[in-house]
Each structure stands twice: as structure tokens, then as C-alpha cells.
Amino acid sequence: MPELSTDLYGTISHKLDALQPSGIRAFDKEVSRIPGIIKLTVGEPDFNTPEHVKQAAIKSIQNDDSHYAPQAGKPELLAAISDYIKQTRQVEYDPASEVVVTVGATEALDATLFSLLNTGDKVIVPTPAFALYFPLIAMTGATAVQVDTSADGFVLTPERLEEVLEQEGTGVKAVLLNYPSNPTGREYPADVLAGLAKVIAAHHLYAIADEIYSELVYGVEHASIASMIPERTLLISGLSKSHAMTGYRLGYIAGPAKIMKSILKMHCYLVTTVTDSTQAAATEALVNGLDDPLAFRQSYEKRRDMVIAGLSKLGFEMATPEGAFYIFAKIPAAFGKDDEQFARDLASQAKVGVTPGNAFGAGGEGYIRLSYASSEADIQECLKRIASFVEKIAE
């Protein structure tokens, strides 16, 4: 195997070199080596992609649909995304100029952030938050301003946003909102979003709305800030979670044409275009599969309640998730606040994999995230193992 020439050591992107790998993935990789472990670490649906969606992808391949697609996306998929957003958010986006199909929501974030941000800019990020936000913002030369929301039920209030903007002064360009949230599962009520929309508009900012979990909500109606300030919102979503299509890598961005022109340019530089068969599957999901997430949602809600009941008996505290498929639980006081050590001990001694809360930024210390996208059998076994672990330590 070739060894890099010593005179090339350090000849890399210094911005990239300064960043740490994803705390979620790094910890998952670490605990995956433990024999017999059951992992509740990664947000990976355990359901299969709906059969009619799979058949659409197969048909695309069989029909030799294997050439470069239009860079923004196939017209039929762009139209389906536009129709879906109009139906669910009451905002009408022009498929030809205001929607871009991306390689998952991750590339949608990449294209959006690199299109908007310059060195020295700031982005307000309510935390705990999806760990990927921080390195992506840093790579643009901008700064993520972390706003700890743990004291407000893990929701950024309009009053808190106003306070932070006054403290930060100039340079803030956008507010990045994720709801339902990863890692807390918290939704933003419509009245809170309306208040945030007023503050964002008053300060002449962008709203970047990551709504990848919007089809997985429990007992509440999903509201979108895109419905309130569409003229300054960039809506990011996809089908990975709603249709159990994580491996298909299908996401999208919708926003005003003037900024979407720049985002499309960045998207073209990053990936050129999205795979034909993936786009065929996504079109089928949005045209004929809007009810597919219903069964997933019912199962997730049952699993959520199972985890909450099990952990509450053991002294864990948590805000009840209203969406997504995560529990963000506070470690009982008897175990201290070192969430990473707690998670490491839980993995090695009880053979249960969870994610330390510090991976999600300010306000995550002293918490662990559990994904209930695993099977009921695995969840029940994990709860038994956690109970044994907690009881043993308590003794």
C-alpha cells in the first residue's frame, strides 16, 4: 500500500483538519465493536421501503433510465415536491425555478450553507442540535452561534432569539431551525414559529427550516415557518425518514427563485445531479405514497411510549417527543453529568449503545439520546439491560 510522501504531510484543507468527526458516528463506530451490543445510536428506520416505491426504482433501471438527469431534478419529481409542499404548507413553489432535488437532506444543507455564507457570518443554531450543522457551518468560514434551549423545553423562544441577536450585533445572516428536532423530538408550536418569524423578518435574516421529520409527528399538527415567511425561508426535507429511504439519498430544497438560482449552482458543483432510479422512487412516493408514513408513525409512537415508561421508572427525565424517533433523556443525578462516560459504561457493561448528549452541542451535557427506530423486541431488551445496569450501580 502506498504511503503518503512526507513532504505532503499537512498539505490539506486546514479548515477540515481542524474539525472533529461526527460525535454520533464516532461513538457508534466505537461501541459497534462490542460483541452482543444492541445499538440505539443511529436514526435508521428499521422498516423496509414501501413495495410500490421499490418497484418504481426497479422499473427505472429496467427501462435504461441511466443518463444524466436535469441538474435541478426530473420535472415530474420537481412537480411532485411542489404539489406536496402546497398541500402540506400552503406555499406554492414554481417547480422550474424554486425547487432543487439533492443527495439527501445532508447535501441540501451543504448547498444551502455554502450558497449563503461568507467568512465572518454567523448562524443562530438552537441547541441541542443535529451534530452535522456545526462542521458544515465552520467549513464555510462562518460561525455557529449555539443557543442552549434546555431551560425552555428545548424550544427557541422569540424572546430568547431577540436577546441573542442583540448580543451578537452585526454579522448574523440566518437562523437554522430543525423541527421535529433531532435529538429531542420536540416540535415548534405554530404560535412560537409565528413569533420567531416576526423576529427573523425584523432583523432581515434567512430562516433555514430543516423539516426532514415532519411526517413523523405524534398528537400534534406540524407547522412550518415556510408558511409564514416564505419570502425568506429555505425549506429542507426529504424522504429518508418518512418512507424509510435512507439509502436512496433523496432530499430537496425549496425557496424563492432568486436565492435558489445560487443554490442550484452550488448543488451542480457538488454532485451534478441525483441518480435516476432514486428520483423515480421518490416521485412514486410523493404521488402515490403520501399515506405510507402513517403505519410507521403509529409504530414509532408506540415505541416512544414504551421507552418513556421504561426510562421514567429508572429515574431518567425527558421532554416528551412530539416527533422524529429520538428520546433525549437526562441521566439520573446519581450518575453525575458525564454523559460520555455514562454511555461508554452502558455500552461495555450492559451492551446497550446510546449517543452521548454532548455530541449535540450546548445543553446536551448530562443527557443521552436513544433512537426508538429499532424493533420493539430490541427496545424491550435494551430497557431490561438498562434497568439491570442502573440497579447494579445503585446497589
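Being a predicted model, the structure only gives us computed values, none of them experimental. Reckoned from all heavy atoms, side chains included, excluding hydrogens, waters and symmetry mates.
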NZ/NE/NH1/NH2 to OD/OE distance under 4.0 Å, [X] and [Y]:
X    : Y    : answer
K302 : E376 : yes
E301 : R297 : no
D28  : R33  : no

Item to check | Pair E107-H267, side-chain hydrogen bond (donor to acceptor under 3.5 Å, both in side chains): steps then yes or no | outcome: CA-CA 8 Å; E107 194 248 314; H267 161 74; 3.0 Å; yes
Any side-chain heavy atom of [X] sitting closer than 4.5 Å to one from [Y]?
X    : Y    : value
V53  : M245 : yes
L196 : V199 : no
I253 : V99  : no
V172 : L205 : yes
F114 : I263 : no
F328 : R186 : no
Y248 : L239 : no
I124 : V164 : yes

Distance alone, cut at 3.5 Å: any donor-acceptor contact between the side chains of [X] and [Y]?
X    : Y    : value
S348 : R344 : no
T184 : S181 : yes
Y213 : Y326 : yes
T283 : K74  : no
S299 : R304 : no
E44  : S371 : no
Q87  : D83  : no
S97  : D94  : yes
Y133 : D210 : yes
S66  : D64  : no
E211 : S224 : yes
H222 : E215 : no

Within a reach of under 6.0 Å around [atom1] of [X], are more than 12 heavy atoms found that belong to other residues, nucleotides or ligands?
X    : atom1 : value
K265 : NZ    : no
K54  : NZ    : yes
E92  : CD    : no

Pairwise distance [atom1]([X]) to [atom2]([Y]) - rounded to 0.5 angstrom:
X    : Y    : atom1 : atom2 : result
T355 : D339 : OG1   : CG    : 10.5 Å
T157 : Y188 : OG1   : OH    : 8.5 Å
I38  : K351 : CD1   : NZ    : 11.0 Å
L286 : E76  : CG    : CD    : 12.0 Å
F27  : T41  : CZ    : OG1   : 9.0 Å
H203 : T170 : NE2   : OG1   : 12.5 Å

Grab the two heavy atoms, one from [X] and one from [Y], that are nearest each other, plus how far apart they are.
X    : Y    : value
A142 : L117 : CB-CD1, 3.9 Å
I212 : K241 : CG1-CG, 3.8 Å
V354 : A343 : CG2-CB, 3.9 Å
I85  : A254 : CD1-CB, 3.8 Å
Q71  : T272 : CG-O, 3.2 Å
V217 : P180 : CG1-CG, 3.6 Å

Next on the checklist: What verdict does the side-chain hydrogen bond (donor to acceptor under 3.5 Å, both in side chains) test give for K39 and S32, after you've listed the backbone C-alpha separation in whole Å, the side-chain angles of each residue and the deciding distance to 0.1 Å?
Outcome noted: CA-CA 8 Å; K39 297 191 303 176; S32 293; 2.9 Å; yes
Item to check | Residue from Y372, F47, F325 passing ring pair (Phe, Tyr, Trp, His ring centres under 6.0 Å) with F296 | outcome: F47
Next on the checklist: Among F342, F360, F154, which residue satisfies the ring pair (Phe, Tyr, Trp, His ring centres under 6.0 Å) criterion with Y367?
Outcome noted: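 Of F342, F360, F154, ring pair (Phe, Tyr, Trp, His ring centres under 6.0 Å) with Y367 is met by F154 alone.
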Checklist entry - What orientation do F335 and F389 show, parallel under 30°, tilted 30 to 60°, or perpendicular over 60°? => result parallel
Checklist entry - Sub-3.5 Å donor-acceptor pair from the side chain of K330 to the main-chain atoms of G366, do we have one? => result no
Checklist entry - Per the side-chain contact (heavy atoms from CB on, under 4.5 Å) rule, which among L270, V271, T140, T102 passes with D110? => result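 Answer after filtering L270, V271, T140, T102: L270.
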